[in-house]
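Before any comments, here is the structure.
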Amino acid sequence: MKLVPDYFGCYVFDDKVMRERLSEETYNLLKRTIKDGRSLNLSVANTVANAMKDWAVELGATHFTHWFQPMTGITAEKHDSFISPDKDGGVIMEFSGKELIKGESDASSFPSGGLRATFEARGYTAWDATSYAFIKDGVLCIPTVFCSFSGDALDKKTPLLRSMEALNRQVMRVLKLFGNEDVTSVKTTVGPEQEYFLIDKDMFLQRKDLIYTGRTLFGAKPPKGQELEDHYFGVIKPRVQAFMNELNEQLWKLGVLAKTEHNETAPAQHELAPIFTTTNIAADHNQLMMETMQKLAKKHNLVCLLHEKPFEGVNGSGKHNNWSISTNTGVNLFEPGETPYENAQFLLFLCSVLKAVDDYQDLLRVSVASAGNDHRLGANEAPPAVVSMFLGTELTEILEAIEKDEPYGVKEQELLRVGVHTLPKFPKDTTDRNRTSPFAFTGNKFEFRMLGSSASISGSNTVINTAVAEVLKQFADELESAPDFEKALHALIKRVITEHKRIIFNGNGYDDTWLAEAEKRGLLNLKTTPDALPYFISEKSIALFTTHKVYTERELRSHYNILTRSYCNLVGIEAKTMVDMTKKDILPAVSEYSQVVGNTILTKRSVSEALNCAYETTMLASISALTASAFASVRALEKALEKASKIEGVDQLAVHYRDEILPTMSKLRGAVDELETIVSAKYWPMPTYGDLLFGV
Ligand code: ADP
Ligand code: MG
């Protein structure tokens with residue numbers, strides 16, 4: 001049997017392989033360009049490309065692709081084979097430096113939100129050398145960014161990389177203020193916990209809603225849901241375990257640090273968490289994880305649902321984004337320190353996140369906004385649409401003591417002075433681990449819990465990085481010019497606590513009283529995607545992103561367009577699927593069944609007028625009333641869709657989908673779900689919730 005350490009990363013052109021396959025000189029040149037973020041010189045690129053090709057071919061690869069993350073939220077690839085004709089009519093395997101570092105790509109079929117003029121349909125992809133190349137299904141994949149020919153970002157990764165640079169610049173300024181000389185760069189790290197559902201493939205194929213939209217648009221509640229809470233951390237079923245084992249193996253071969261797997265709260269729901277890594281790599285790995293899950297599930301005759309809310313009435317799926325900043329010397333900046341000085345630095349970084357989350361609540365909300373996630377946020381299972389921050393009682397008390405110039409702790413009589421006093425050690429595993437908070441400090445990192453399961457983590461991390469960079473910039477500006485650093489630092493921290501403590505909430509985020517309280521505190525409650533997205537192109541947002549060179553205004557507007565359009569498209573597809581299913585499958589089946597019931601009444605009556613048909617007549621009346629209601633809703637939905645096709649502005653269109661189409665869909669579903677509860681199982685045209693959720 002092969003042991004994991006023997007095959008971990010065997011499909012990755014990682015540092016070890018580079019050392020083995022490149023000359024010392026080439027290796028050092030490559031490493032230096034990666035570190036400095038400069039572009040690779042062509043002769044080095046040629047050598048690297050050749051080594052990469054030899055390695056890939058030995059492992060059975062025949063093709064290569066630039067692998068990128070367009071605005072669709074999933075990855076894109078276009079395979080080219082290595083073959084090249086030789087003089088004798090045969091072929092040789094070739095891969096040039098030019099092909100490695102830059103690829104031309106017809107960008108016209110990717111969403112550009114108006115960025116790309118039609119006369120300039122080309123885009124290009126460029127190697128992100130900080131993320132290793134790897135082999136997937138016999139194809140050498142080169143992680144790349146994707147831009148239009150005028151240099152605008154057409155993907156999710158370019159802004160993410162820019163935001164990491166922006167944060168690095170500002171953190172370095174702050175670290176200098178603390179006299180830090182040995183750190184030369186910092187990067188953000190992320191560990192995204194991925195939730196998903198597994199259902200039987202044969203059943204999946206019988207549901208158009210799952211096929212077209214990834215979620216059930218109809219479905220009455222089964223007698224058993226998640227109320228017994230017997231699934232969470234429960235024993236994993238053999239079929240699921242077989243899937244998980246193979247999933248781990250494939251991911252490990254791709255160098256993904258798959259670590260923790262378990263059953264989640266809802267039946268058929270599971271989670272996989274990797275060990276954290278540098279954010280852009282974590283983003284790539286999360287995409288690989290989602291892709292591998294979906295591909296592999298099919299092999300096990302299962303389907304992996306990554307939709308945020310595949311089933312009504314049971315929990316949806318999220319993706320917890322654990323985020324931190326770490327220095328090139330290996331220090332986590334959110335690790336509370338040992339000495340007063342380290343503590344002061346910790347507190348300042350903590351306060352930078354506190355202020356960033358408060359100042360940019362809107363953008364954090366935007367970063368998780370999607371049609372699918374709207375069904376989750378604010379429901380009784382995921383953090384509310386209101387952004388707040390959990391610090392835990394202990395840390396909150398420390399901040400309060402600083403704010404009010406009060407002594408902290410029973411024994412300490414002295415006032416807590418930043419930079420002078422050591423903070424008390426707070427245990428990392430505080431008992432009050434709060435799972436309802438959208439943005440929780442969990443000992444040495446922050447956990448942003450609002451992301452939906454299908455989301456790319458790039459968007460949220462771009463916002464977090466840039467928001468924190470902006471706050472640190474303000475801090476550095478202030479502290480750099482202060483005559484007395486320690487005094488200024490204390491005053492700054494005190495002020496930030498006073499001004500931004502409204503964002504701290506340690507209570508139950510699922511509680512309705514919190515929403516009322518949040519409103520009193522003036523926190524935003526952007527309930528739906530059309531409420532949230534316009535904040536992406538607000539003056540404040542444009543100022544933030546352009547200052548830090550993360551997005552240009554043009555890019556912001558284009559990405560806003562893409563996101564809004566995508567919301568409309570998704571809801572539109574759902575509505576059309578409902579119309580189709582109701583007209584072609586559900587109503588005909590119901591009609592057939594009511595004929596049977598009607599015939600029973602006729603037969604009974606023909607035998608004797610005295611026979612009581614109470615059951616049949618009541619059923620028939622209910623069926624007929626519900627059928628009429630469903631039919632009316634279908635008509636209304638068709639009309640609303642017709643109207644949508646005439647709305648020009650993307651903003652009005654999104655509002656139309658939210659205010660007209662979604663409520664009509666809900667009404668239709670209500671009638672159909674009730675029909676499901678009274679129509680004979682034999683006639684119901686698709687697998688039920690019970691079948692789907694307990695069928696594996
Ligand atoms: P849980 O939150 O489920 O109790 P953990 O706290 O152990 O689990 O970790 C959750 C995720 O957070 C894991 O993916 C882990 O790798 C990640 N994580 C831990 N430390 C950091 C860090 N410094 N930066 C980013 N992610 C981290
Ligand atoms: Mg967690």
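Quick note: residue numbers are just sequence positions, from 1. Atoms within a ligand are numbered from 1 in the order they appear, just like the ligands themselves.
Proximity of a side-chain donor or acceptor of Asn465 to a complementary backbone N or O of Leu167 within less than 3.5 Å is not detected. Remark: side-chain polar atoms of Lys494 are not paired, donor with acceptor, to backbone N or O of Leu399 under 3.5 angstrom.
Considering both main-chain and side-chain atoms, Asn444 never comes within under 3.5 Å of ligand 1 through any nitrogen or oxygen pair. Taking distance alone, with nitrogen or oxygen atoms compared against 3.5 Å, Phe276 approaches ligand 1 more closely than that limit.
Shown here is Lys295, whose NZ atom has more than 12 heavy atoms of other residues, nucleotides or ligands within 6.0 Å.
Remark: the Asn245 side chain and the Gln241 side chain contain an N/O donor-acceptor pair separated by less than 3.5 Å. Looking at Thr529 and Asp374, their side chains do bring a donor and an acceptor atom within 3.5 Å of each other.
Per-residue contacts place Asn332 under 4.0 angstrom from the following atoms of ligand 1 (heavy atoms of the residue considered): 23 (N). Proximity to Ser324 (heavy-atom distance under 4.0 Å) selects the following atoms of ligand 1: 22 (C), 23 (N), 24 (N). In summary, the atoms of ligand 1 found under 4.0 Å from a heavy atom of Pro274, numbered by their order in the structure, are 13 (C), 14 (O), 16 (O). Close approach of ligand 1 to Glu447 is summarised as follows: ligand atoms under 4.0 Å from at least one heavy atom of the residue are 2 (O). In summary, the atoms of ligand 1 found under 4.0 Å from a heavy atom of Ile275, numbered by their order in the structure, are 16 (O). Which parts of ligand 1 touch Gly191 is read off a 4.0 Å heavy-atom cut-off, strictly below it: atoms 14 (O), 25 (C), 26 (N).
Counting heavy atoms only, Asn322 comes closest to atom 17 (C) of ligand 1 of the residues Asn322, Thr442, Ile325, Thr277.
Shown here are the ring-ring contact (aromatic ring centres under 6.0 Å, His included) partners of Phe311, two or more places apart in sequence or in another chain: Phe197, Tyr689. In this structure Ala258 satisfies the side-chain contact (heavy atoms from CB on, under 4.5 Å) test together with Asn248, Leu251, Trp252, Leu272, sequence neighbours excluded.
Contacts of Glu193 with ligand 1, taken as heavy-atom pairs under 4.0 Å, involve the side chain alone. Contacts with ligand 1 closer than 4.0 Å are made by no heavy atom of His320, backbone or side chain.
Among Asp182, Val186, Val171, Thr184, the single residue meeting the side-chain contact (heavy atoms from CB on, under 4.5 Å) criterion with Thr327 is Val186.
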